[in-house]
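Below is one structure, written out as structure tokens; comments come after it.
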Amino acid sequence: MRRIAIALWLCASPAFAQAPGATPTNGPSAQAPSGPQSRADKIKQRIRERRAFELTDALDLDQKTAARMSSVMERYDQQFDRLLAQRAELQQRLNGADQIKDPKVLAKLIDDAMTNQRAFWDVEEHRLAELRTVLTPQQTARLIVTLPQLERQLQNQLQKAINQKAPRRNNPNRRPIDDDDD
């Protein structure tokens, strides 16, 4: 269940960075792995397909432009997935920060979290720069507005699905659900 939750979280944008991906990956993880990860990968693929569909509709893209946009998004998906996996591990360690007595270890952990955040911003910046070569200025402007909203909606839907499957425990570190899922 933890793996599925992390994989689902990888598809959604975290609160302090929007880490998007828009299309399914064609890497080895998308090729029918076994076990619980298989279900998570299928969910991730469906989310990315829905995101691509919603963006194509919202940006009013023709097939050629939609395919080019999806190709760009797919290239960046793996980078976001890697950064999100690192972020998940860092956040788990940050959740236990009150148990860390060595200030140097805690400072290193904070520095690592900041480095991870900067890496997100860099990937987002590079992706947007490449998407600007594919999309018109009007489409790019709509993308900047639409993508974070869409990702927030998808994240909220995923969180609701996870909460319905797993009974809520008294966990002070659990994020509240933002009901902005129209």
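A salt bridge does not link D122 to R118: none of the charged nitrogens lies less than 4.0 Å from a carboxylate oxygen.
Between the side chain of N116 and the backbone N or O of D112, no donor-acceptor pair lies under 3.5 Å. T56 places a side-chain N or O within 3.5 Å of a backbone atom of A52 that can act as its donor or acceptor partner.
Only one option out of Q86, Q92, R93, Q91 pairs with E89 in a side-chain hydrogen bond (donor to acceptor under 3.5 Å, both in side chains); it is R93. When the options R48, R82, R127 are evaluated for a salt bridge (Lys or Arg N to Asp or Glu O under 4.0 Å) with D77, the one that passes is R48.
Across D98 and K101, no two heavy atoms sit closer than the pair O-NZ, 3.6 Å. Contact record, R87 with F120: NH2-CD1, 2.8 Å, taken as the closest heavy-atom pair. Looking at every heavy atom in both residues, T133 comes nearest to R68 through O-NH2, 3.9 Å. When all heavy atoms of Y76 and H126 are compared, the pair lying nearest together is OH-O, 3.4 Å.
The side chain to side chain donor-acceptor pair (under 3.5 Å) test applied to Q139 returns T136, not counting sequence neighbours.
Taking OG from S70 and CD from Q63, the interatomic distance works out to 11.0 Å, rounded to the nearest 0.5 Å. The distance from the CZ atom of F53 to the CZ atom of R46 is 14.0 Å, given to the nearest 0.5 Å.
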Task: L147 vs E151, side-chain contact (heavy atoms from CB on, under 4.5 Å): CA-CA, chis, key distance, verdict - done: CA-CA 6 Å; L147 187 59; E151 289 177 338; 3.7 Å; yes
TODO: Carefully, step by step, assess K104 and K108 under the rule side-chain contact (heavy atoms from CB on, under 4.5 Å).
DONE: CA-CA 6 Å; K104 290 181 182 178; K108 168 96 170 85; over 6 Å; no
Task: L55 and L61: CA distance, side-chain angles, deciding distance, side-chain contact (heavy atoms from CB on, under 4.5 Å) verdict - done: CA-CA 8 Å; L55 286 174; L61 302 178; 5.7 Å; no
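When hydrophobic residues (I, L, V, M, F, W, Y) are linked wherever their side-chain heavy atoms come within less than 4.5 Å, the members clustered with L94 are L90, I100, V105, L106, L109, I110, M114.
Between the side chains of Q153 and Q149, no donor-acceptor pair of N or O atoms lies under 3.5 Å.
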